Amino acid sequence: MDTNNDPRRDEARRLRAEAGLSRSQLMKVFGVGNGTLSEWLRGTEPPEWTRRPRAKDDLHERAVELRRGGATVPEIAEALGVSKSSAYLWTREVPLQRAPPEADD
């Protein structure tokens, strides 16, 4: 059966967009599986409530600031209380710029 011609498809799309039902709720309402529902919802935007900001965006931004200020990955990890691997992933595109040694006059 072609699931795109199923009359329930339009109703599922409407409930997803207008009522903001979750995929799980829609599968229960229509008695369909994940594959069928995915076909029905293809091309529709998910409800805003299903999107969440990344949990550590603020730490990521601070890590980049620290790196630009010359901090090493271990220093950043310690300062922010995160793993060295997280600090590295967040700052790998930012080259380490140490201050040049001061010349003796």
Side-chain angles (χ1 to χ4, degrees):
M1 177 178 174
D2 183 8
T3 60
N4 287 327
N5 290 329
D6 191 313
R8 299 173 296 170
R9 176 182 179 265
D10 291 335
E11 180 65 6
R13 293 170 73 90
R14 186 189 68 75
L15 289 172
R16 179 73 163 168
E18 294 175 13
L21 266 58
S22 69
R23 293 178 58 86
S24 177
Q25 291 168 320
L26 290 169
M27 286 188 283
K28 287 178 185 174
V29 166
F30 294 102
V32 297
N34 191 44
T36 298
L37 187 64
S38 292
E39 287 181 34
W40 287 357
L41 298 179
R42 186 169 288 126
T44 62
E45 290 292 320
E48 190 63 37
W49 69 266
T50 64
R51 301 177 193 173
R52 70 171 186 82
R54 292 193 174 149
K56 297 182 180 180
D57 279 348
D58 56 330
L59 291 176
H60 181 172
E61 291 170 13
R62 182 71 181 123
V64 171
E65 290 172 13
L66 290 170
R67 184 66 168 186
R68 287 187 177 134
T72 65
V73 169
E75 291 168 344
I76 294 167
E78 185 174 337
L80 300 180
V82 299
S83 68
K84 288 185 273 187
S85 62
S86 289
Y88 170 75
L89 289 172
W90 294 338
T91 62
R92 65 183 167 199
E93 303 298 322
V94 182
L96 178 60
Q97 297 183 359
R98 291 272 189 193
E102 294 182 19
D104 293 330
D105 289 328

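Predicted, not measured: the structure shown is a model, and the values here were computed from it. Computation of the quantities below employed the complete heavy-atom set of this structure, encompassing side-chain atoms and omitting hydrogens, waters and symmetry-equivalent molecules.
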Spatial distance of atom CZ (R62) from atom OG1 (T91) [nearest 0.5 Å] = 13.0 Å

query = Given side chains that start at C-beta, do those of L26 and L41 come closer than 4.5 Å, heavy atoms only?
reply = yes

request  = Check whether any side-chain heavy atom of H60 lies under 4.5 Å from a side-chain heavy atom of S86, and answer yes or no.
outcome  = no

query = Does the side chain of S22 pick up a donor-acceptor pair with the side chain of S24 at under 3.5 Å?
reply = no

request  = Determine yes or no for a side-chain-to-main-chain donor-acceptor pair under 3.5 angstrom, with R13 supplying the side chain and R42 the backbone.
outcome  = yes

query = With a 4.5 Å heavy-atom cut-off, do V73 and R67 have their side chains touching?
reply = yes

query = With a cutoff of under 4.5 Å between side-chain heavy atoms, which Ile, Leu, Val, Met, Phe, Trp and Tyr residues group with L80?
reply = L59, L66, I76, V82, W90

Minimum heavy-atom distance between M27 and G33, given as atom pair plus value = SD-C, 3.7 Å

request  = Indicate yes or no: at least one non-hydrogen side-chain atom of K84 is less than 4.5 angstrom from one of E78.
outcome  = no

ask   = Rounded to the nearest 0.5 Å, what separation is found between the CD atom of E75 and the OG1 atom of T72?
value = 3.0 Å

Heavy-atom closest pair, residues R16 and R23 = NH1-N, 3.4 Å

query = So how far is it from D10 CG to L15 CG, rounded to the nearest 0.5 Å?
reply = 11.0 Å

task = Check whether any side-chain heavy atom of F30 lies under 4.5 Å from a side-chain heavy atom of L37, and answer yes or no.
result = no

message = Run the salt bridge (charged side-chain N to carboxylate O under 4.0 Å, His left out) test against E45 and tell me which residues pass, sequence neighbours left out.
response = R51

task = Using a strict 4.0 Å threshold on nitrogen-to-oxygen distance, state whether E11 and R14 make a salt bridge.
result = yes

